[in-house]
Each structure stands twice: as C-alpha cells, then as structure tokens.
Amino acid sequence: MSAAALQNDVFLRALLREPVPYTPIWLMRQAGRYLPEYNATREKAGSFLGLAQNPDYAAEVTLQPLARYPLDAAILFSDILTVPHAMGLGLEFRAGEGPHFDRPVRTEADVAALAPPDLERLRYVFDAVSLIRRELNGSVPLIGFAGSPWTIACYMVEGKGSDDYRLIKGMAYARPDLIHRILQVNTTATIQYLNAQIAAGAQAVMLFDSWGGVLADGLFQAYSLAYTRQVVAGLTREHEGRRVPVIVFTKGGGMWLEDIAQCGADAVGVDWTVNLRRARQRVADAVALQGNLDPMALFGGGPAIRAEARRVVADFGRVGRGGHVFNLGHGISRFTPPEAVAELVDEVHAYSPAFHAAAP
C-alpha cells in the first residue's frame, strides 16, 4: 500500500531497542468502554460484534483515544475471538456473561472437524487495518494483534471465560493428542491472520497469551510457549521497507520470563506482579520489555498516578541498550476516569526523557 511517512516511530524503535528520546506509551484496551465516545459508537453499531465487524466503526473507535491523548501507537479495535468465530464456532456476546460459543470444541469429532478459517471471512479486520492506516496518515504506528493458540483454545473448549479451566485442562491431561491438534490448527490460523494484518498495514503485532499463566510448569512450555514460538517464527518480519516488531504477552507468566524472552519476539510484555528492574536483569536486554503499571493505579488520583508512572520508568532505569514501552500490566478497566489516562500519558512523556539521555 502507498502509506504516509511515519512521523512518530518512537514506539517501533523502542521495541527494537534503538535509541529514542523518551519512553513511548500506549495502553492495552485503550480504545474501549472507559471512553464515552466509544460507548456512543457502540450504541450506534448495535452490538459488540456489530462494532468489531464494521471497518468504519472499528476505525472510529481505534482513533478515539488518539484524539484525546498523545499516545505513541494505535491498536486495532477487534477481538481475539474473531478467528474461532470464523471457524464456525458461533460467537456471541451475552449481556453480563461476555463471549460465548454456541458450538464449543469438546469431542474427538469436534477436534477432527477443525480447520483454519478462510481469511475472506475475516476480511472486515483487514479492511479496518487499511482504513485505520489511511486515517492515521503516518501520525503513529498501528498495532495488529491476535490471541495465542493456547488462549484461543481455552475459549474454544470452555465455550466461554472460565474460573478454573476445568474442561481444557482436563482434556490436556486426559487427551493431549486432542489439545495438540487444536493448538496446531490455531497456530496455522494465527500465522495467516497476523500476516494478513501486516500485509494490510499493521506496523507491529502483539500476541496475547492471556491464559498461559493458568498452566502448570511444564504444561506451559508444552501447550503455550511451544506454539507461541511457532507463531513468531512464521510471521512476516519486514514490510514497507522496515522491521515489523513482535510483542508477546503472557499474563501471569513472570516465572517463565527467561523462556518467553527466547521465543523469537522483539519484546515481552509483563504484568504488574513482575519487578521490572529484575525482569530487565533476567533478560539481559536481549528483548525490549513492555509494561507494567497496575491498571488499578489509575483510580488513585493525579498525584498517585504520576508517582506510579515515575516509579515504573525508574524501575526500568536508564535505557542504554535496552528498550522499554510503557503500558499497563493488563487491559484498562472500563471504570477508569478518562482524565486519569491524561495524567499518566503526560507524566510518562515528561519524566522519561532523563532516562534516555547520555549518562554524565
């Protein structure tokens, strides 16, 4: 595609551990329910799926936080469950329950019938990516994303979110062959899906391993990390003449940080339970780190938000040969006051340049 020159590439350069003038910031779920303008657009769309499957609406809500805040990246508005939905599992979002699949994958026959979806069924996502890129007009980079093969499998087998992951973990112990078959289908689909987003204009991609942290040690490596590694290895890493960085985020994965850092990604996201200074030491600046403010800090009021922002930046320390992208340790809460985000972004941009300056 013919694209406008990128005016702010600080986010991309930080992911690649290149020198930058300050710590870039974006927020997981930054286009979401905490913004009144998002809720107004969702009401126009009629439903969450109506919003996500309409490129014009998806572009509108993707750009809304950029109109409010000087964020350093936009992230595509979509959902990680679009891929299994395109496989025919019948996704719907039920009031008070969240996502629900009408046809979960529970039996040997269900597993045997799985196949990567026809990408044309996901054309609305790629059209949204192209539209957002045009609307951004080079102001900041656009992040594409997908769920990890394991996280998608959790929803496919459980049929919805879960407190104990009893069905999929039970299958993992009783029938590992079925789990590996699901994960391989998901891996193939995820590679195709993310590469299509990159071809449409995504300038970085992120893999959300939201439920990797529910696995026991050993099972995490076999069922989550092994397939994350396959996805990363299959991705397009250069497009439009520049590197396409890859971020991997495993919620609850801090104990496996060294393993995750060796999966081939450019950056690793860490949640708020991880000590950022020690995390940097553990990966020895071999990858950039993204994170890791507790989302609940945004309810502490202006002085507390600014103090916590400074703490996270200082915990990472002088950047040197490292790379740091400021983010929350998970998605922003729907109840977050919008003015809290303004305080956070302002403080990160104001405080962090000293950590990028040459040492005296």
Side-chain angles (χ1 to χ4, degrees), residues 1 3 6 9 11-18 26 28 73-76 78-84 86-87 115-123 125-130 132-133 141-153 182-210 212 221 223-251 253 256 259-270 283 286-290 323 325 327:
M1 62 180 289
L6 191 54
D9 66 352
F11 165 72
L12 297 179
R13 288 192 283 132
L15 291 177
L16 298 175
R17 294 176 291 118
E18 296 174 356
W26 71 278
M28 289 183 276
I75 183 165
L76 165 71
S78 187
D79 193 88
I80 63 171
L81 300 182
T82 55
V83 172
M87 292 180 186
D118 179 351
L119 289 183
E120 281 304 309
R121 300 193 66 183
L122 293 160
R123 175 58 53 190
V125 176
F126 315 134
D127 288 345
V129 169
S130 296
I132 294 162
R133 275 294 303 276
L142 174 62
I143 307 166
F145 71 92
S148 73
W150 166 257
T151 293
I152 298 303
I182 295 170
L183 292 171
Q184 196 58 66
V185 170
N186 288 354
T187 296
T188 300
T190 303
I191 292 170
Q192 294 173 350
Y193 182 55
L194 287 176
N195 281 342
Q197 290 186 39
I198 293 167
Q203 292 150 293
V205 292
M206 182 162 171
L207 198 64
F208 285 90
D209 186 30
S210 304
Q221 288 84 350
Y223 291 134
S224 177
L225 186 58
Y227 291 94
T228 290
R229 189 178 290 115
Q230 286 187 40
V231 171
V232 173
L235 294 178
T236 301
R237 301 301 281 272
E238 188 169 323
H239 187 62
E240 299 176 333
R242 68 184 302 158
R243 178 82 168 177
V244 180
V246 178
I247 310 163
V248 169
F249 171 60
T250 298
K251 184 174 182 289
W256 303 302
D259 292 340
I260 297 168
Q262 295 175 20
C263 76
D266 299 286
V268 176
V270 291
V283 302
V287 293
L289 293 176
Q290 179 175 277
V325 171
N327 208 312

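Nothing here was measured: the structure is a model prediction, and the numbers come from that model.
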Undergrad: Is there side-chain contact between V231 and P149, with at least one heavy-atom pair below 4.5 Å?
TA: yes
Undergrad: What are the two closest non-hydrogen atoms of V244 and A202, and how far apart are they?
TA: CG1-O, 4.4 Å
Undergrad: Which distance, rounded to the nearest 0.5 Å, do you find between the CG of L142 and the CZ of R133?
TA: 7.0 Å
Undergrad: Identify the two heavy atoms, one from G212 and one from S224, that lie closest to each other, and give their separation to 0.1 Å.
TA: CA-OG, 4.2 Å
Undergrad: Under the side-chain contact (heavy atoms from CB on, under 4.5 Å) criterion, do F126 and Y193 qualify, and how do the steps go?
TA: CA-CA 9 Å; F126 315 134; Y193 182 55; 3.8 Å; yes
Undergrad: Taking all non-hydrogen atoms of both residues, which atom of V246 and which atom of V232 are closest, and how far apart?
TA: CG1-CG2, 4.2 Å
Undergrad: Side-chain contact test, heavy atoms from C-beta onward, threshold under 4.5 Å: evaluate it for L76 versus V125 and give yes or no.
TA: yes
Undergrad: Let's go through Q203 and R242 carefully: what are the C-alpha distance in whole Å and the side-chain angles of both, what is the deciding distance for side-chain contact (heavy atoms from CB on, under 4.5 Å) to 0.1 Å, and is it a yes or a no?
TA: CA-CA 9 Å; Q203 292 150 293; R242 68 184 302 158; 5.8 Å; no
Undergrad: Roughly how far, to the nearest 0.5 Å, is CG of L16 from CG of D9?
TA: 9.5 Å
Undergrad: So if I apply the side chain to side chain contact (heavy atoms under 4.5 Å, CB included) rule between I152 and each of L183, N186, D209, T187, which one comes out positive?
TA: N186
Undergrad: Measure across G147 and I80 and return the closest heavy-atom pair with its distance rounded to 0.1 Å.
TA: N-CG2, 3.6 Å
Undergrad: So do the side chains of F145 and S78 get within less than 4.5 Å of each other, counting heavy atoms only?
TA: yes
Undergrad: Are T151 and F208 close enough that some pair of their side-chain heavy atoms sits under 4.5 Å apart?
TA: no
Undergrad: Should L12 and L6 be marked as a side-chain contact (heavy atoms from CB on, under 4.5 Å) after you check the CA-CA gap, both sets of side-chain angles, and the distance that decides it?
TA: CA-CA 10 Å; L12 297 179; L6 191 54; 3.6 Å; yes
Undergrad: Would you say that V268 contacts I247 through its side chain, given a criterion of any heavy-atom pair below 4.5 Å between the two side chains?
TA: no
Undergrad: Answer yes or no: is there a donor N or O on one side and an acceptor on the other, between the side chain of R121 and the main chain of A86, under 3.5 Å?
TA: yes
Undergrad: In the structure I gave you, are the side-chain heavy atoms of L207 and T190 within less than 4.5 Å of one another anywhere?
TA: yes
Undergrad: When rounded to the nearest 0.5 angstrom, what distance separates NE2 in H239 from CD in Q197?
TA: 12.0 Å
Undergrad: Once rounded to the nearest 0.5 Å, what's the spacing between atom CH2 of W256 and atom CD of Q262?
TA: 15.5 Å
Undergrad: If you take all heavy atoms of W150 and Y223, which pair is closest and at what distance?
TA: CB-O, 3.6 Å
Undergrad: For D266, enumerate each residue passing the side chain to side chain donor-acceptor pair (under 3.5 Å) test, keeping only those at least two apart in sequence or located in another chain.
TA: R237, R243
Undergrad: Could you grab the distance from atom CE of M87 to atom CG of L122, nearest 0.5 Å is fine?
TA: 9.5 Å
Undergrad: Looking at every heavy atom in both V283 and A261, which two are closest together, and how far apart are they?
TA: CG1-CB, 3.7 Å
Undergrad: Is a side-chain donor or acceptor of S130 paired with a backbone partner of D127 at a separation under 3.5 angstrom?
TA: no
Undergrad: Which value, rounded to the nearest 0.5 Å, describes the distance between R229 atom CZ and I260 atom CD1?
TA: 10.5 Å
Undergrad: Report the residue from T236, I143, L194 that forms a side chain to side chain contact (heavy atoms under 4.5 Å, CB included) with V205.
TA: L194
Undergrad: Find out whether F249 and M206 are in side-chain contact, i.e. whether some heavy atom of one side chain is under 4.5 Å from a heavy atom of the other.
TA: yes
